There are 2 protein chains.
Amino acid sequence: MAELDPGNVVRLPNARPRAERSGSPCAACPIRDLTVCSALEDWELDRLNGIRMSAELPHGATLFDEGSDADFVYNLTTGCMKLYKLLPDGRRQITGFVFPGDFLGLASASEYIYTAEAVTDSALCRFKRSKLQKLFEEFPKLESRLLTISRDELVDAHNQMLLLGRKTARERIASFLLMLSNRAEELGFPANPVSVPMSRNDIGDFLGLTTETVSRTMTRLKNSDVITLGADRMIAIEDRDALAEMAEGF
Amino acid sequence: MAELDPGNVVRLPNARPRAERSGSPCAACPIRDLTVCSALEDWELDRLNGIRMSAELPHGATLFDEGSDADFVYNLTTGCMKLYKLLPDGRRQITGFVFPGDFLGLASASEYIYTAEAVTDSALCRFKRSKLQKLFEEFPKLESRLLTISRDELVDAHNQMLLLGRKTARERIASFLLMLSNRAEELGFPANPVSVPMSRNDIGDFLGLTTETVSRTMTRLKNSDVITLGADRMIAIEDRDALAEMAEGF
DNA sequence: CGGGGTGTTGAACATATTCAACAACTGTGG
DNA sequence: CCACAGTTGTTGAATATGTTCAACACCCCG
């Protein structure tokens, strides 16, 4: 796992101008406001930076495996990752996609409860759990922020349970596309022709469907003029209201 | 919502002898070690007790509705509750069952993200969120403990996603029965003839199945001598190993 | 070019659902 | 205490949604 090469970091569209106010790279971090770091002042950020390591992953690479020792917590700065659990016969459930600003490994206790794999080339900040724990004592704000983050993850998880347990294939795809579009917007990427970096197979394993069902359902949505399937895994949302109604199960 | 009548509280089997060391009812709480309170000393517990209110709910009663203002957080002391989300046409997903020592409303921000309804007659401690928040500043341990609890909830949620997205009906039922058995044991109730207080319909809505499928699957497990269906919603696990293998998808 | 991975489409199939009937149980009032 | 009504649970038959198996088109990337 190579150290971060700054020249290789893709800046996010909503990046703030590189701050001159502090020497710490964190102060200039484009996703600073989207993650834990938003709880901290510059000087506190310096302390956090002190225990930070950078890492990059090419697409397809595994960051950690389900069941391995959860010594580190990560924060994604660029790219997209997937988290998944496997059954012995290979059935896979992707429990979440990770976008810049999101945490990885938060839900784990002593061992990671899912495998984390890069969907696209990715860059991350890495924190040793034990060191982070010590910082909590110094900055309770940090732990407080982490509680908020974990609460938000719980909200997403509950929505996903509703999706997996009760929604039809069409409703699942609609929910998924809107989720991607909303997250893109939060990150300052275009919300409408939405980028769908993951494969049909990944989408299926996230939505509890097969590749074929994902493909067929997308085609039907295209045929009913709700979306347009473009090149490079781009999808245009032509009728957002219709998609939203579908997603909510109307 | 009546105040807790102490004469009406069913003591849990693993209750410790009523403590004489403190005047606070919390110090004598039978589930004290199972919940947030385990993070606190007696004198700190007194402070927590100061913002505590008691409540009871008969079975079938709703504690709060999805979407209503999340002003309170609750801790179940006796009974069993269910948390669920609804789709506009009435499809329901139960996102979790709540047992003594468990929290309700933790995942919520300004509004509750699920409805909470009593499965059996229940008793709870109620805390005003704003007051609890203030106690956090006084006892960071408390917030720390809450982070652990919410992390554990996240682990459960991820396992449930795997179940809902990828497991067969038989595997879901097996997982469910083992979960009930394990939780019962944690609480000091018998792990083997396991009490299943919720209806087939509730089980179905928790596992993403219909009542009929739950019923049929249970019958098949009975016919293959893995379980025995008793009266009063009791189920005996006859072949725990077989059940465990099923649950894991072997 | 050529080849593996990715995506689409078709046809047969399976698992779980839906609709329906009935049995068992619970609680309530006469 | 029993009778009755409503709820809960079980079972059967028909059905549907999504899966499986299979073939082929596409398209980057080598």
Side-chain angles (χ1 to χ4, degrees), chain A residues 58-60 82 87 89-94 117 119-121 163-177 195-223 227-235 246 249, chain B residues 58-60 82 87 89-94 117 119-121 163-177 195-223 227-235 246 249:
Chain A
H59 73 273
K82 60 189 174 199
L87 289 172
D89 63 358
R91 277 173 289 170
R92 185 178 68 152
Q93 178 65 37
I94 293 185
E117 188 181 320
V119 171
T120 65
D121 294 349
L163 180 148
L164 292 170
R166 289 300 179 217
K167 288 189 183 175
T168 64
R170 205 181 68 148
E171 289 161 359
R172 293 179 201 210
I173 296 288
S175 302
F176 177 68
L177 292 176
S195 162
V196 182
M198 59 292 288
S199 70
R200 295 288 188 262
N201 194 25
D202 283 350
I203 299 173
D205 283 349
F206 180 59
L207 300 178
L209 302 169
T210 57
T211 322
E212 294 94 327
T213 302
V214 171
S215 188
R216 280 186 240 277
T217 307
M218 292 268 198
T219 303
R220 275 181 215 126
L221 287 179
K222 185 193 70 184
N223 291 341
I227 61 173
T228 306
L229 302 175
D232 289 324
R233 292 180 167 173
M234 296 296 288
I235 296 182
M246 279 179 206
Chain B
H59 73 274
K82 59 190 175 199
L87 288 173
D89 63 358
R91 277 173 289 170
R92 185 178 67 150
Q93 178 66 37
I94 293 185
E117 188 182 320
V119 171
T120 65
D121 294 350
L163 180 148
L164 292 170
R166 289 301 180 216
K167 288 189 183 175
T168 64
R170 204 181 69 147
E171 290 162 357
R172 292 179 202 209
I173 296 288
S175 303
F176 178 68
L177 292 176
S195 161
V196 182
M198 58 292 288
S199 70
R200 295 289 189 264
N201 194 26
D202 283 351
I203 299 173
D205 283 351
F206 179 59
L207 300 178
L209 302 169
T210 57
T211 320
E212 295 94 325
T213 302
V214 172
S215 187
R216 281 185 239 278
T217 308
M218 292 271 199
T219 303
R220 275 180 216 125
L221 287 179
K222 185 192 69 184
N223 292 340
I227 60 173
T228 306
L229 302 175
D232 289 324
R233 290 178 168 174
M234 297 294 289
I235 295 182
M246 279 179 206

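For clarity, every value in this text was computed on a predicted model and none was experimentally measured. Every chain is numbered from 1 and lettered A, B, ... according to where its sequence line falls, protein lines coming before strand lines.
- Taking each heavy atom of B/M198 and B/R233 in turn, the nearest pair found is C-NH1, 3.9 Å.
- Between the P atom of D/dT8 and the CG atom of B/D205 lies a distance of 12 Å, rounded to the nearest Å.
- Atom-to-atom, CG of B/D89 to P of C/dT17 comes out at 15 Å; the value is rounded to the nearest Å.
- A sub-4.0 Å separation between OP1 or OP2 of D/dT17 and a side-chain N or O of A/T213 is absent.
- Among the protein residues, A/S199 comes within range of the sugar-phosphate backbone only, with heavy atoms under 4.0 Å from sugar or phosphate atoms but none that close to a base.
- Note on A/R233: a side-chain N or O is less than 4.0 Å away from OP1 or OP2 of C/dG7.
- Using a 4.0 Å heavy-atom cutoff across all strands shown, B/R170 reaches no nucleic acid atom at all.
- For the side-chain contact (heavy atoms from CB on, under 4.5 Å) with B/T217, the qualifying choice from B/T168, B/L207, B/I203, B/I173 is B/I173, the only one to do so.
- We find that B/R92 and B/D202 are joined by a salt bridge, their nearest charged nitrogen and carboxylate oxygen being less than 4.0 Å apart.
- Atom CG of B/L209 is separated from atom P of D/dT17 by 18 Å (rounded to the nearest Å).
- One can find a donor-acceptor pair under 3.5 Å joining the base of D/dT20 and the side-chain atoms of A/R216.
- Among the protein residues, A/S215 comes within range of the nucleic acid bases, having at least one heavy atom under 4.0 Å from a base atom.
- Residues A/E212 and A/R220 each lie close to DNA chain D; by heavy-atom proximity, the contact nearer the 5' end of the strand is made by A/R220.
- For the pair B/R172 and A/M198, both in contact range of DNA chain C, the more 5′-proximal nearest nucleotide belongs to A/M198.
- With rounding to whole Å, A/R200 atom CZ is found 15 Å from D/dC26 atom P.
- Annotation: A/R91, atom CZ; neighbour count of heavy atoms from other residues, nucleotides and ligands within 6.0 Å is above 12.
- A close approach under 4.0 Å does not occur between any side-chain nitrogen or oxygen of B/T210 and OP1 or OP2 of C/dA16.
- Straight-line distance from the CZ atom of B/R166 to the P atom of C/dA16: 13 Å, rounded to whole Å.
- Among the heavy atoms of the strands, none lies under 4.0 Å from A/G60.
- For the pair B/T168 and C/dT15, the criterion of a side-chain N or O lying under 4.0 Å from OP1 or OP2 is not met.
- Residue A/L229 is classed as a sugar-phosphate contact, given heavy-atom separations below 4.0 Å to backbone atoms only.
- For B/D89, the CG atom counts as densely surrounded, since its 6.0 Å shell holds more than 12 non-hydrogen atoms of other residues, nucleotides or ligands.
- Distance CZ/A/R166 to CD1/B/I94: 9.0 Å, rounded to 0.5 Å.
- Whole-Å rounding puts the A/K167 NZ to D/dG18 C1' distance at 18 Å.
- Within 4.0 Å of B/G204, counting heavy atoms only, lies no atom of the nucleic acid at all.
- One interatomic measurement links the two molecules: CG of B/L164 to P of D/dG18, which rounds to 15 Å at whole-angstrom precision.
- When rounded to the nearest whole Å, the span between CG of A/N201 and P of C/dG4 equals 19 Å.
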